[in-house]
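Reviewing the structure listed below.
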Amino acid sequence: MAAIKEYALLCLENPLLDIQAPGDDTLLEKYGLKPNDAILAEEKHIGIYEDLLNNYSAKLIAGGGAQNTARGAQYMLPPNSVVFLGGVGDDKYAAILQDAVKQAGLRVEYRVDKKEKTGRCGVVITGHNRSMVTDLGAANHYDLEHLKSPEVWKLAEGASHYFVGGYHLTVCPPAIMALAEESAKNDKVFVFSLSAPFIPQFFKDPLDATSPYWDYVIGNETEALSFAESHGWETKDIKEIAKKLAALPKANSKKERVAIITQGTLPTVVAVNGQEVKEYAVHAIDKSKINDTTGAGDAFAAGFVAGLVAGASLSQSIDQGQWLAKLSIQELGPSFPFPKQAY
Ligand code: ADP
Ligand code: MG
Ligand code: MG
């Protein structure tokens with residue numbers, strides 16, 4: 001393994017506290033939720049957090065897609081390899097997050113907002129489905145000023161790899177673009193996650209502004225389909241979509257674009273440069289061992305990016321992603337087993 005620079009990986013997105021509980025159809029109906037979805041909370045949803053806490057057996061778990069990925073990447077890398085940026089409030093929820101990242105050995109540089117609450121993600125589990133409703137709160141106030149503050153920007157300059165979660169497109173596109181441009185200018189590695197179907201659907205323009213900077217783009221099958229639909233690509237073929245994602249115009253021509261689409265238990269589809277497409281089988285596990293698949297994709301991205309940072313090959317990095325996802329789905333929420341297991 002090549003020597004890894006201190007804080008080689010810098011991640012940006014929304015730090016959230018997950019309020020997760022088993023629910024039922026009545027609860028979904030009450031808030032007008034689909035069984036399997038990820039949405040931003042509107043006025044009518046705001047009651048769900050207290051509802052989950054008071055009337056269901058809710059658990060509080062550190063969440064936020066890219067923050068999960070950052071924790072997972074740090075799990076696989078030497079100490080002090082990963083730093084995460086995002087916005088939180090000054091409240092008990094932020095303290096829970098601080099505690100979780102500390103245990104994971106993840107460095108965070110949070111923009112702390114005195115007026116706004118830490119963001120919350122309500123997760124309603126019905127059978128194998130999970131419906132997520134996010135109230136971004138303080139995460140929605142992340143700004144370019146924080147990223148460009150001398151101490152934080154120094155971390156950005158020092159990093160060789162960036163991981164940005166697509167959910168941040170609803171928050172602060174200028175911060176994403178600053179990292180994207182810094183990456184291309186200095187031939188760094190920029191990894192982007194599509195995050196959720198609503199991102200290509202409703203945030204197409206800011207998403208398209210980032211696409212030339214993607215060295216790696218990661219999504220699941222529903223996000224890939226949503227991207228294709230919002231771009232008028234008349235195909236539902238995941239391999240075809242992966243090829244097209246990989247073939248989109250690219251700012252840094254020194255690196256090939258790689259598009260990676262995970263599909264739950266089905267093989268992961270990987271397209272390089274719009275031409276070659278390969279499939280990689282997942283690490284199968286017995287159904288009885290699965291605890292909670294929330295954050296499977298975040299864990300996959302974590303193992304994958306840790307591989308890139310450590311200088312592993314593309315196929316090994318994919319395999320590390322499958323491996324870490326398999327570990328994570330045996331835990332509650334997007335977590336990883338301790339004592340640590342080695343790949
Ligand atoms: P997301 O959580 O974003 O929907 P996926 O469901 O595609 O992402 O899962 C990402 C990865 O997690 C898969 O490629 C696979 O490696 C792993 N994974 C998910 N579900 C399972 C499962 N039931 N068994 C084994 N691996 C799984
Ligand atoms: Mg999935
Ligand atoms: Mg995902």
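All ligand and atom numbering here is 1-based and tracks the order in the structure.
- Between Lys326 and ligand 1, no N or O atom pair is found at a separation short of 3.5 Å.
- Looking from atom 16 (O) of ligand 1 to the surrounding protein, the closest heavy atom is Gln322 OE1, 2.6 Å.
- Contact atoms of ligand 1 toward Thr268: 14 (O) (distance under 4.0 Å to a heavy atom of the residue).
- Closest to atom 27 (C) of ligand 1 among all protein heavy atoms lies Ile329 CD1, 3.7 Å.
- Within the structure, ring pair (Phe, Tyr, Trp, His ring centres under 6.0 Å) contacts touching residues 296-319 (residues at least two apart or in different chains) are Tyr216-Phe304.
- Taking atom 25 (C) of ligand 1 as the reference point, the nearest protein heavy-atom neighbour is His283 O, 3.3 Å.
- In this structure, Gln263 has a heavy atom closer than 4.0 Å to ligand 1.
- Checked by distance only, ligand 1 and Gly264 come closer than 3.5 Å through their nitrogen or oxygen atoms.
- Residue Val282 approaches ligand 1 through these ligand atoms, each under 4.0 Å from one of its heavy atoms: 14 (O), 15 (C), 16 (O).
- Ranking protein heavy atoms by distance to atom 9 (O) of ligand 1, first place goes to Ala296 CB, 3.6 Å.
- Side-chain contacts under 4.5 Å among hydrophobic residues (ILVMFWY), followed directly or transitively, place Ile329 together with Ile285, Ile290.
- At distances below 3.5 Å, not a single donor-acceptor pair connects side-chain atoms of His231 with backbone N or O atoms of Ala228.
- Proximity to Asn220 (heavy-atom distance under 4.0 Å) selects the following atoms of ligand 1: 1 (P), 3 (O), 4 (O), 7 (O).
- A donor-acceptor pair under 3.5 Å links the side-chain atoms of Gln74 to the main chain of Val82, judged by distance alone.
- Numbered from 1 in the order shown, with element, the atoms of ligand 1 that lie under 4.0 Å from a heavy atom of Ile290 read 23 (N).
- Close N/O approach between Gly297 and ligand 1 is found [any backbone or side-chain N/O within under 3.5 Å].
- We find that Asp91 and Lys117 are not joined by a salt bridge, their nearest charged nitrogen and carboxylate oxygen being 4.0 Å or further apart.
- Annotation: Phe190 is not in aromatic contact with Tyr213 [ring centroid separation under 6.0 Å not met].
- Between the choices Ala38, Ala325, Gly219, the shortest heavy-atom distance to atom 11 (C) of ligand 1 belongs to Ala325.
- A perpendicular orientation is assigned to the rings of Tyr110 and Phe84, their planes being inclined by more than 60° (bins at 30° and 60°).
- For the pair Ser328 (side chain) and Ser335 (backbone), a donor-acceptor distance under 3.5 Å is present.
- Using the six-membered ring where Trp is involved, Trp233 and Phe227 have ring planes that are tilted, between 30° and 60° apart.
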